[in-house]
Structures are given as structure tokens and as C-alpha cells.
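Take a look at the structure below.
All values reported here derive from a predicted model rather than from experimental measurement. What you see below is based on every heavy atom in this structure, not just the backbone, and it leaves out hydrogens, waters and symmetry mates. Within every chain, numbering begins at 1; the chains are lettered A, B, ... in the order of the sequence lines, protein sequences first and strands thereafter.
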Amino acid sequence: MTFVGASTLDKNNSQEDRYRRFVGLLARNDQAIRRFIRSLLPSSQGVDDVVQETALECWRKFSDFESGDLAFPEQAQGSDEFIRWACVIARFKVMSCQRDWARDRLVFREHILEQLAEDAFEEIENRELERLAVEQCLSQLVVDSRRLLLSVYRPGDSVKRIARENGEKSRRLYSKMNLLRKQLLSCVERRLAEEP
Amino acid sequence: MNEEIEKLIFRAIDGAISPSEFNRLQDVLEVNEDARVFYSRMLSLDQSVSEIAESLGDEVVGRSEVRRNSLTGIETEPAPSLRRRLLTYASIAAIAVVLTTLAFFFTRTLSEPEIVRLREAEAAPLKSEMSGVAEVVQRIDCVLENEKWSTADSTFESGQSIILLEGVVVVEFRKGARVTLEGPANLEFLSDNSGFLQSGKLTAVVPDSAIGFEILTPSSRLIDHGTEFGVSVDSNGDTETHVFKGEVELVTSHPQTSDLNPDSQRLTDAMGVRVKREGETPAELFDANPSQFIRTSIADSRQLENRNEVTELVDREHLLMWFEAGQGVQTDSRGRVISWENLAQRSSNRKDQSLESSAWQVNAGRRPKWSESGLGGLPAIRFGGFESKEFLATTPLSLKADATALVVCQFEPLEEIGYGHLLVLGGQTKFVLERRDKSEAGSFTLSWQNKNVPPFQMEALENVKPVSSHKPQICAVRYSVEQDVFELSVNGEVVASGDPIGSLAVTASQVIGCGHRRNRFFFKGQISEIVMYDTALDQEKLNEVTESLMQKYKIQAQ
């Protein structure tokens with residue numbers, strides 16, 4: 001008969017704690033990481049793949065994050081730091097995936113990708129504020145405009161379909177949609193600029 | 001931003017962009033920071049709206065089970081929130097993959113795969129011989145159509161055109177004529193001493209070696225006789241010529257009417273003439289107006305200079321930036337600032353070419369306003385805050401590890417709490433001097449920040465005692481890691497200090513009047529003078545400069 005030694009049990013418990021902590025951080029911040037990844041890709045195609053690859057790599061490197069060594073000596077271990085840390089990994093994952101996809105998909109040139117990543121890093125901490133500002137600005141739009149803006153995100157809906165339903169030309173509706181987007185952006189930027 | 005770029009960005013965000021359009025978009029994003037910021041902001045907005053739509057689910061169109069289309073009133077059955085569920089599933093799937101992999105990790109140790117892959121070194125571009133008839137010698141916030149397929153070459157052969165979408169470029173013809181082209185514009189190179197301006201605006205400075213330099217337009221032919229002049233061609237092909245200095249011969253030719261007997265006339269100093277492309281309307285004479293044009297020659301752009309009030313500066317050999325609103329300011333016809341000359345090189349006698357710089361605003365709608373009687377009765381530049389989004393950006397300057405900077409400014413009251421960046425230095429790391437304000441009083445905040453690459457750090461200083469919005473102030477900072485100095489002073493009094501973190505060294509465009517991304521933190525108030533050294537002055541020298549500025553702008557110690 002063999003016995004599992006105390007040290008092995010401790011190790012497994014500690015490993016389980018780490019696992020719970022990691023999954024907790026990942027689940028809480030999944031949307032922010034996904035958003036960062038999307039900002040580096042030309043379309044939503046491939047986002048899920050990169051999210052998975054990033055999640056795996058984050059787990060592999062999680063001890064670095066916890067111990068705060070290697071490239072992240074000053075890191076605390078909070079949620080915001082986790083997002084930033086994960087996004088650094090995500091950036092390299094995107095670069096790596098893009099090289100594989102270059103033959104059959106649209107991919108950004110590497111230096112543009114880097115510029116976009118730099119912009120996206122700066123926006124990480126503003127995501128909640130921005131989301132709040134978008135909600136507030138959306139609520140200020142007249143009902144029809146808000147409906148038009150939001151309805152394209154509904155399953156099965158599209159500008160084309162709405163245009164068909166309304167007997168309007170898609171092109172005209174696209175223009176209207178884009179105008180609304182610009183108005184919304186302007187409103188959001190104004191609100192963000194007023195934030196302390 | 002032009003309509004074409006906006007359309008490309010929207011098509012990309014909607015997933016409807018074609019490969020050729022995508023290439024075009026990348027060309028634009030590569031060189032046009034405004035476009036890149038707009039793309040990022042729009043994409044981010046799109047994601048936020050998408051998240052909100054998903055979280056609202058069927059509430060998007062109200063609580064009703066039946067969806068009524070807003071435009072036609074057609075009712076449709078509500079579809080399940082499939083996309084939202086798919087997104088949630090995708091997130092869970094990603095985590096699930098991790099979960100299933102954990103067992104593997106629990107039982108054995110894996111060698112960590114390399115995260116960072118070395119980028120392939122880009123092949124060095126082949127440098128062609130400088131055999132063209134003209135070459136680009138300076139670019140200011142510009143987008144060139146010629147570079148959209150990444151075959152960028154700064155030299156042009158006869159028959160080639162330069163199509164400038166935005167901004168300003170300076171082109172030098174082989175014989176020496178120097179042309180400043182203001183976008184949007186289209187200029188064809190005909191020879192080493194002539195060009196055809198299809199549309200847009202240019203100014204030309206012609207040295208003796210290039211006398212006889214010619215600019216053709218759809219309705220005119222201009223032959224230089226040793227001069228400086230400006231030409232603009234509107235969308236109808238009508239041409240305006242403004243002679244700033246010297247003499248130009250104007251030959252008008254209308255192919256349909258008088259081509260066989262072209263008219264010729266001499267235009268001298270300060271004369272302007274308008275020639276229609278179509279019809280037989282005679283050329284119309286008027287006074288030349290240089291302020292309608294952007295001029296890049298520093299020597300020629302000093303429209304407001306030789307004032308008596310010159311600051312007594314110490315350690316001039318360490319001056320990196322010296323902007324003084326009474327000197328070297330080029331304004332447009334509305335009194336808005338096109339460029340603000342960096343006086344550092346002239347003042348320090350340093351031979352560093354990079355100091356031959358200016359702060360620019362090529363976009364007419366975002367230029368701050370020059371005021372002759374600003375702070376302490378001396379000239380100032382007024383920035384209008386978020387409403388007008390005005391700012392200036394310098395040609396790239398090289399910062400060293402340490403710095404001392406002084407800004408003479410005055411806040412304007414705000415209706416709500418606001419932030420405004422007076423000066424943003426740096427690239428990846430940023431050194432930001434900002435106004436943090438509530439109505440009638442405000443404070444200066446100084447921060448060193450690195451938010452882009454790990455380790456992410458920030459150290460911020462703020463004066464506790466608010467400063468008045470009704471008086472000019474001198475805000476000064478000293479920064480040196482080596483000397484362990486990080487200090488913020490207001491009107492000669494040290495109001496906050498902290499620990500320096502890292503070097504400021506970078507070569508980048510520095511921004512005056514808003515955040516470095518140029519889309520927020522717009523400053524509302526006036527700036528009269530900015531002095532910056534590439535070293536941390538000792539306290540005594542800093543006091544000396546501060547004292548000089550206080551006397552000059554009649555500022556009392558608080």
C-alpha cells in the first residue's frame with residue numbers, strides 16, 4: 001500500500017487554490033481581454049481562437065504573475081494588473097496567429113498592430129467609464145435612432161434586412177447608421193473628457 | 001478626416017471591407033494618427049454598443065414580444081439572443097479548455113513555450129539613386145497618396161505626381177526651388193524646375209539658381225523671376241496667385257478661347273491675381289494675402305518678432321524648447337496659429353539641426369488663437385478647450401533623461417470639472433503637465449507615466465493650494481533620476497515633490513494643449529511661453545529663470 005504524503009497533498013491544495021484564483025480572474029476579466037484582442041484583429045473572425053490560446057498561455061505563466069517576477073516585478077496581483085498582464089500575452093498571441101493566417105485572411109501589418117496595441121493598452125483602464133458613457137449617451141438618443149443603432153447587434157438582424165423591411169436603400173441606412181455612430185462617439189468623448 | 005477614410009473605417013468595423021479596401025485602410029492607419037485614433041475609438045464604441053445590446057437582449061426593442069421596426073412599423077417575431085449566447089459560450093469554452101488542460105498541468109511540468117517570437121528583421125529598402133527631379137524634404141502631419149502601396153520613395157521623376165491627402169509637405173526641386181504643398185493637393189513634376197498644380201495650394205521660395213521656375217495650373221502659367229509666391233487652384237481649376245516678394249510673370253491661357261494669344265503680365269511684391277479657368281473673364285487683381293498660405297521656411301514665417309520683451313534665460317546651451325508667443329508665430333487669415341517657432345536653436349547657437357523645429361497645426365479647424373495682448377499685456381496663444389479641440393504638435397524633438405520645463409499660462413474658468421493637458425512630453429513613457437480644474441480655481445498636476453509596457457508605473461504630483469483662473473501663473477518642473485529630483489513649482493514656490501521613476505529620453509512629437517492622442521484633455525486657457533531644458537537646472541538657476549518670467553509677465557509671488 002502506498003500513502004500520499006502530506007507534502008503532496010499540500011502541493012495539490014495549493015495548486016487547486018491557484019487554479020481557482022486563476023479561473024476567477026479569467027472569468028472576471030474575460031470580456032476585457034476579448035475586447036483587447038478584437039481591437040488588434042481586422043474582424044471578429046479568430047477572436048475566440050486567440051482568446052483560448054491566451055487563456056492557456058496565461059495559465060502556463062500564471063506563477064510568474066503571482067510571484068511578480070520576470071518582466072513584471074512591480075505588479076500587484078489584482079484584477080487590473082491581471083488584465084494588463086494577460087493583454088501583453090494576448091498581443092504576442094495575436095502577432096503569432098496573424099502570421100499563420102496571413103495566407104488566407106486579412107491581417108494587419110505588424111507595425112500597425114503595434115500601434116493599435118499601444119492605443120488599446122491605454123484604453124484598458126477606461127473601459128468601464130466608456131461603457132457607462134455609452135449607456136448614458138445611448139439613453140439620450142431619440143428612440144428610433146437608439147433602436148436602429150442597437151438592432152444591428154440583434155441576432156438575425158442587419159442593416160440590409162432593416163432596409164429591406166423599411167423599403168429603404170441599404171446605402172442610405174448605412175449612412176444614417178454611421179452618422180449616429182459619430183454622434184454617439186462625440187457624446188462619449190465629451191463625457192469622458194469631463195470625467196475626473 | 002475625409003469621407004473616404006471614414007467609410008473605410010466603418011466598412012472594416014462592419015466586417016464588410018474588401019481586401020483592396022483593407023490595404024488602403026492600412027496605408028491610412030500607418031501614417032495618419034487621427035485616422036488610427038478614430039478607428040480605435042469607433043471599434044471600441046462598437047464593442048460597447050454590442051455588449052449593451054447583448055445585455056439588454058429583447059429589451060432592445062422594448063418589452064413587447066413582438067418587434068416593431070422603427071422605420072416601417074413592420075412587426076416581426078423576436079429572435080432568440082443567439083449572438084449573446086454564442087459569445088457567452090465562447091468565453092466559457094475558452095475557460096473550459098483551460099480547465100481540461102489543468103489536469104495535465106497538475107500531473108506534469110511542461111516546458112514553457114516561447115511567448116515572444118523574434119520579429120523577422122525587415123529587409124532594408126533599396127535606396128535608389130537620387131536621380132529624380134524633386135524630393136520631399138519635410139513632412140508635417142501629412143498623408144501622401146504616393147505611399148499607399150508602400151512603395152514610398154521621397155524622390156520623384158518627371159511625369160510623376162505627388163498627391164497629398166492631408167497635412168503639409170515640403171518638396172525641393174533639383175534646381176533649388178522649394179515648394180510647400182498644403183493638402184489636399186495634387187502636384188505633377190514636369191521637370192527639375194517646373195510643376196503642374198492640378199489642385200490645392202502651394203508656396204514657392206525660389207533661389208537665384210532656380211530663376212525661371214514655373215508653376216502651371218489649369219488656367220495659368222507662372223514664371224518666377226526670383227521671388228516667393230503662393231498659388232491656389234480650386235476645384236473649378238480657377239487660380240489665385242499671391243506674390244509675397246520679388247516678381248512673377250503670369251501667362252493666362254484658355255484652351256477654348258485664347259490659347260493662340262496668351263496674355264502675359266508682371267506681378268510684383270504684394271500683388272495678387274485671380275484667373276478663371278473657363279470663359280473670357282479678365283484676370284482680377286487684388287492685394288496678396290500671405291496669411292492664406294502655410295509657409296514652412298522659418299526665416300520667412302517670423303511674422304511677429306523683434307519685440308523688446310525677451311526672457312533672460314540661463315544655460316542656453318541646454319535649451320531644448322523655447323516657445324514665446326511674441327516671436328516666430330505664423331497665423332492664418334483668422335488670426336489662428338499655423339506654426340510657432342522653437343527659438344531654442346537661434347537662441348543657443350547650437351548646431352543641432354533637430355532644434356530647427358516648430359509646433360504646428362495644419363488643420364485649420366483646430367488652430368488655437370493668437371492674441372496680441374494676452375498675459376501681462378504680452379502676446380499669448382489661447383486654446384479653447386474641448387469645444388474647439390485646439391492644439392499644436394512639434395516636429396520630433398529628442399528629449400534626454402532629465403528635464404526642466406516652465407510654462408507661463410492662465411486657466412479659463414470651466415463650467416464643469418475638467419482636465420486639460422498643457423504639455424505632453426514623450427513617447428511610450430509620458431511626462432504630462434495638466435490643469436485639473438473646478439470652475440474658478442484649479443491646480444497643476446505633473447505626472448510621469450508608463451502605461452504601455454510592463455512594469456506599469458505612474459507618479460503624480462499636484463499642488464494642494466488652488467491657483468486662480470484670473471491671473472497668469474508660472475508652472476515649473478524639475479526632473480532627474482540621477483539627482484533624485486521630481487518637483488513641481490508654481491510662481492517660484494515648490495508646491496509638490498515626489499520620486500523620479502525613469503528616464504524621459506525619447507525622440508517624438510511633443511504636444512501642446514491636449515493629450516498625446518490628440519482627441520481629449522483639451523486645455524482651456526492661454527499659454528504665453530514654454531521654456532524647456534534637457535537637463536535638471538539647479539534650484540538657483542531655476543529661480544533666476546522664474547524671476548525673469550515673473551517680471552516679464554507682471555506676476556506676483558503668492
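Taking chain A as the reference chain and counting heavy-atom pairs below 4.5 Å, the highest number among B:E6, B:R36, B:M42, B:E387 is found for B:R36. No other option in A:N178, A:T54, A:D49, A:I33 has as many heavy-atom pairs under 4.5 Å with chain B as A:N178.
For the atom pair B:S50 OG and A:L150 CG, the distance stands at 10.0 Å (nearest 0.5 Å). Between the OG atom of A:S186 and the CZ atom of B:R41 there is a distance of 11.0 Å, given to the nearest 0.5 Å. The CG atom of B:L43 lies 11.0 Å from the CG atom of A:D119; values are rounded to the nearest 0.5 Å. A distance of 11.5 Å separates CG of B:D46 from CG of A:L185, quoted to the nearest 0.5 Å.
Proximity to chain A (any heavy atom under 4.5 Å) is shown, for B:L45, by both the backbone and the side chain. Heavy atoms closer than 4.5 Å to chain A are found nowhere in B:E33, neither backbone nor side chain. Neither the backbone nor the side chain of A:V50 comes within contact range of chain B; no heavy atoms are under 4.5 Å apart. Both the backbone and the side chain of A:V134 come within less than 4.5 Å of a heavy atom of chain B. For A:L138, the part lying near chain B is the side chain, with the backbone staying farther off; criterion is any non-hydrogen pair under 4.5 Å. Only the backbone of A:L41 comes within contact range of chain B, judged by heavy atoms closer than 4.5 Å. For B:Y39, the part sitting under 4.5 Å from any heavy atom of chain A is the side chain, from C-beta outward, and nothing else. If you measure heavy-atom distances from A:S39 to chain B, the contacts under 4.5 Å come from both the backbone and the side chain.
Shown here for A:L106 and B:P19, the closest heavy-atom pair between the two residues is CD2-CA, 3.8 Å. Contact between A:V107 and B:Q26 at its shortest, heavy atoms only, is O-NE2, 3.4 Å. Here the closest non-hydrogen pair linking B:I52 and A:R131 is CG1-NE, 3.4 Å.
Counting only residues at least two apart or on different chains, no disulfide (SG to SG under 2.5 Å) pair has a member in residues 5-41 of chain B.
In this structure the side chain of B:F386 reaches within 4.5 angstrom of the side chain of A:E189, judged on heavy atoms. Contact check for A:R181 versus B:I9: no side-chain heavy atoms found under the 4.5 Å cut-off. Counting heavy atoms from C-beta outward, A:Q115 and B:V37 have side chains that stay 4.5 Å or more apart.
Using bins of under 30°, 30° to 60° and over 60° for the plane-to-plane angle, the ring pair A:F108/B:F22 lands in the tilted bin.
A search for side chain to side chain donor-acceptor pair (under 3.5 Å) contacts involving B:S44 returns A:R35, A:E130, not counting sequence neighbours.
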